[in-house]
Structure formats: C-alpha cells, structure tokens
Amino acid sequence: MNVLSVAAEIFPLVKTGGLADVAGSLPKALKSHGIRMRTLVPGYPSVVGALDEATPIARYECLFGESATLLAGRVAGLELFALDAPGFFHRSGGPYTDEHGIDYPDNWKRFAAFSFVASQVAAGFVQHWRPDIIHAHDWHAALSLVYLKYASDVQIPRVLTVHNIAFQGQFPAHLFSALGLPDKAYSIDGLEYYGDLGYLKGGLQAADAITVVSPTYAREIMSPTFGMGLEGVMNARHDDVVGIVNGIDTDVWDPAADPYIGHCYSAKTPLPRLPNREALLDLFGLPQTSGPVFASINRLTWQKGMDLLAAVVDEIVALDGRLIIHGNGDADIEEAFLDAGRRFPRHIAVRLGYEEEFAHKIHAGADAMLVPSRFEPCGLTQLYALRYGCVPIVARTGGLSETIIDANVAALQAQAATGVQFSPVDTNGLRHALRRTVKLYRHRHVWESLQRQGMKTDSSWHRSAAKYAELYGDLTAADMRLAG
Ligand SMILES: Nc1ncnc2c1ncn2[C@@H]1O[C@H](COP(=O)(O)OP(=O)(O)O[C@H]2O[C@H](CO)[C@@H](O)[C@H](O)[C@H]2O)[C@@H](O)[C@H]1O
C-alpha cells in the first residue's frame, strides 16, 4: 500500500516540536506492515539542501503567485516530496514565524499552496506513484483534504491527524476567493469557522478518519475545556475519531548507542548513568550533589505549564534539588527562568533554545524529567525520559496520563510504577509532586525500580504503527467496496 503523508515538519530536517518526530519516525515503522509512506514537506532550505539526488517532477510557473518546483528525493531513509517554492519557504525565520516570533502574514497562502500541491499528488499527479491514502497532519496540511474533496476528480481515502487542537489555522473569510475552491467548500460542513476560515476545521470535516495522538486527548477535545472551539465538530465526527498514542524512534533515542552521550547504558546496566549525571552538572555549571537533578526540556509556554514550574523553583532549592531548563518560548517565562538562575546559581541552570545534543545529554544524566503541561495531546519528552531511566514527573492530562504509571502504593507493590503523576495542574499540585518525588528518590531501591520499569516500557511504534496500518486497511477496503 502507498500512503502520502503531508506534514509541515519532519525530523531530522526541520523541527519545532513533536510533529516533526512523528512525521519522521512513522514511515519507518510502517515499512514492516507493507506500507510505503512518502512524505510531502515544504521546501525549506534545510530540506532542499539535504535531499539526495533531488529530481524535479513538476514545475509551477505561478502557484498562488510564486514559482515552484516539486522535487522527489531521499534523506536518512525517508522518501520525500518537497515543494521548493522559494517565495514561500526560503525565509530567515522559522517555518511559521519570523525571527521575532511573529506569524508570517501570508501563512494562509503558504500552506494553501502546499496543501493544493498535496491534493494533486494524492490524485495521482506523480508518474509511477499513486497513493492509496492521503494522511495529513495538523492545520498546515489539513487543507489538502479539502482540496481533494471539493476540487479533484480523483478520490482516495483521507486521514487527518490532530497533534494539537490549539493550533487551528484561522484566517479571515475574505481570503476564501483566493483559495480556488468551489463556493460549496465555504459552508458549515466545510471551511467556515465562526465566520472565518478554519483550515483545521475544514480538514476535520473533509477527513474520512480523524486520528488524535492519544485516546485520552481524543475524549478531552470533545469538551469545551480542551476543544478550543472545535469540540462541536469533534463530537459531530465522533464515530470517525480514533486515538492512537505516538511511538518514538528507538534508533534515534537509544541510551545503549547514543552518539551524544559519554557513557552508553541499557536497562540491564543502568549504573553508567552516574558519569553522565556528573558530566551534565559540569556542562551546566552546577555543583555536584547527592540530591535529585530535575530537568525540563520544553517549549516555555502556558500549554506546557512552564510558568507553573518557574513559580515553584524555590521548592526545588529548598529540597536541595538541581533544576536544568532547556527550551525557548514566551519571553516572560524565559525571563522568569533566567532570573531564577541568577538568584540560585548553585541550583538552577538555564539554556535557552533547543539542540538535539543537549536534549539527549539531559535525558541521559538527569534524575527526573518534569512535564507540567496544562494539556498534552500525547507528549514525547516523557517517553524519551522513560527509555533513558530519567523518571518522568507529569501532569495528569492527555497522553501523559496514559503513558506514565503513577508511583502509588498499589503500582509500587506490583513493581509497575514508572513515574509520578500530579493533579490538579497548578502550583500546589506541582509542589506536592516535587516533595513526593524527593521522598521516592531517597529510597534508592524504590527509585531504581521506577527507573528499571520505565526503561523496560515499550514506547516504540510497534503497537501504534499496527493501529495505523489497520486503519488504512479498513479505509481502503471500504473505498473498494464503494467503487465496486
Ligand atoms: N523549545 C523547543 N524547541 C524545539 N523542540 C523542542 C523544544 N522543546 C522540546 N523540543 C523537542 O520537541 C519534541 C517535543 O515533543 P512533544 O510531543 O513533547 O510536544 P509538542 O507540543 O512539540 O508536540 C505536539 O505534537 C506531538 C506529536 O504528536 C504530541 O506528542 C504533543 O503532545 C503535541 O503537543 C521533543 O522531541 C523535544 O525534545
């Protein structure tokens, strides 16, 4: 079976978060199910520059006002199509925002052009490669399903994955006429969204199946608290929604063969974490300690609850813990952590930005990974932490609640616990979780059991890839029944 995946990011070429990790690792995991997934991505310079033997397969003289070339090529075991449209994608900022973090004003057009081309590839535009399914990710690609449904003669089953319903691609309605879609696409069953255009909303309506990155989040976004305005659509599409937890790329995240860490180790020999811990404290300029080393590798945003963490740093200091922060995001949260680092230089170290190498070193050396998200569709950081024997301390929400087993009495007795969950997700809940964690940490055998159970957890794509394969199979079978 051939599947066209459509994503705005893909690891290792362009990444602002978990979407890239999933788009980069799912195709490999599907191979053993006989599925050949090729991914269309925007032709950012980092993508176009990395393509091996890039072959131009189509040329657009005027694609939404820009010239563009559709390229095919391979990178790191991935089969890619890249839409090389310099006017849209060769920019000095990030994939969606300029260097000041401001959304590009023409995002509506950039991702409409990208999605339009995706719909053409889905419809069999590329010689010798016809997809059986189109699988779009998040709002940047959602319009591809709308183009396919309303503006194509060829139809194939359409799948949309919601990685985070907070990002919806909402634009003024007057832009509709520039999208080249028939009028009927602007309706309550289509793109219309509270009088605006809703790219994600349109994709949710046009999809034959909607996947959400955990069953818990799939339920949560049917409520106003988490649905962010789309709860009505999610409820209406209820029968076509399936929650599938993300897997991780166990080749990229493997403490037994990680090129970024000084001392490799595995569940059988977890002791060598100690030199990694020492090296990590040195790297971040913190004194060595017998107290717990907490870390958080995160976007510094409200969603991730990083303002809550910044508000309780005094608790970590009082518990004689260390805290390592790596990430970037909202200016006030960045400043709150920098300030904490200045106030408690022996306890708190901050490195703004994001580098894969630091992320790996931190997972391999820290004792506990803090993930205090207010909502979390799935979450990958806690899965990487599990595999690295870095005990996850997570908010009880979304995918975090179903991937980490709380160290309650029953779970500890059964030797099943892998971390700490906390609720309510506020500063009191987080303070309580920190105190619980330190108590567990002081019981070496209990702590080592948490680490061992975590490292034994299978967070690979194994089970989840099978669920995607099953979904694709069901959709193509239904499609053939309709055609027959
Ligand atoms: N400041 C930063 N800049 C760049 N990268 C950073 C970063 N901080 C952390 N990262 C990295 O980005 C990834 C984070 O992925 P997550 O899944 O935890 O959250 P994210 O909100 O990005 O993804 C969304 O999509 C994924 C995939 O479906 C869901 O798991 C998740 O719940 C949902 O919010 C990790 O690889 C992490 O190391």
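Numbering starts at 1 and runs along the sequence shown. Order of listing sets the numbers, starting from 1, for every ligand and every atom in it.
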Is the ring pair Phe344/His347 parallel, tilted or perpendicular, if the boundaries are 30 and 60 degrees? perpendicular
Mind checking whether [X] contacts ligand 1 via backbone (N, CA, C, O), side chain (CB onward), both or neither, at a 4.0 Å heavy-atom cut-off?
{"X": "Lys304", "answer": "side chain"}
{"X": "Tyr217", "answer": "neither"}
{"X": "Asp21", "answer": "side chain"}
{"X": "Leu300", "answer": "neither"}

To check your reading of the model: name the closest protein heavy atom to [atom], its residue, and the distance in Å.
{"atom": "atom 25 (O) of ligand 1", "value": "His163 CB, 3.6 Å"}
{"atom": "atom 10 (N) of ligand 1", "value": "Tyr354 CE1, 3.4 Å"}
{"atom": "atom 30 (O) of ligand 1", "value": "Gly379 N, 2.8 Å"}
{"atom": "atom 16 (P) of ligand 1", "value": "Leu380 N, 3.6 Å"}

Practice item. Walk me through it: do Lys201 and Leu230 pass the test side chain to side chain contact (heavy atoms under 4.5 Å, CB included)? Key: CA-CA 7 Å; Lys201 191 257 180 174; Leu230 282 169; 3.6 Å; yes
Mark up the atoms of ligand 1 that fall under 4.0 Å of a heavy atom belonging to [X], in ascending order.
{"X": "Asn246", "answer": "27 (C), 28 (O), 29 (C), 30 (O)"}
{"X": "Thr381", "answer": "18 (O)"}
{"X": "Val22", "answer": "27 (C), 28 (O)"}
{"X": "Asn164", "answer": "34 (O)"}

Taking C-beta and beyond as the side chain, do Tyr193 and Tyr199 meet within less than 4.5 Å on heavy atoms?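 Counting from C-beta outward, Tyr193 and Tyr199 never come under 4.5 Å.
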Compute the shortest N/O to N/O distance between [X] and ligand 1 and return yes if it is under 3.5 Å, no if not.
{"X": "Gly327", "value": "no"}
{"X": "Gly18", "value": "yes"}
{"X": "Ala359", "value": "no"}

Worked verdict on Asp330 versus Arg299 for salt bridge (charged side-chain N to carboxylate O under 4.0 Å, His left out):
CA-CA 8 Å; Asp330 296 349; Arg299 282 186 284 116; over 6 Å; no
Would you check if there is a donor-acceptor pair between the side chains of Tyr388 and Asp258 at a distance under 3.5 Å?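 Distance-only check passes for Asp258 and Tyr388.
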Ligand 1 contacted by [X] (non-hydrogen, < 4.0 Å):
{"X": "Phe11", "result": "no"}
{"X": "His326", "result": "no"}
{"X": "Gln382", "result": "no"}

- Does CZ in Arg36 sit with more than 12 non-hydrogen atoms of other residues, nucleotides or ligands closer than 6.0 Å?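 Count over threshold, so yes.
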Cation-pi geometry met for Arg91 and Tyr104 (6.0 Å, 45°)
yes
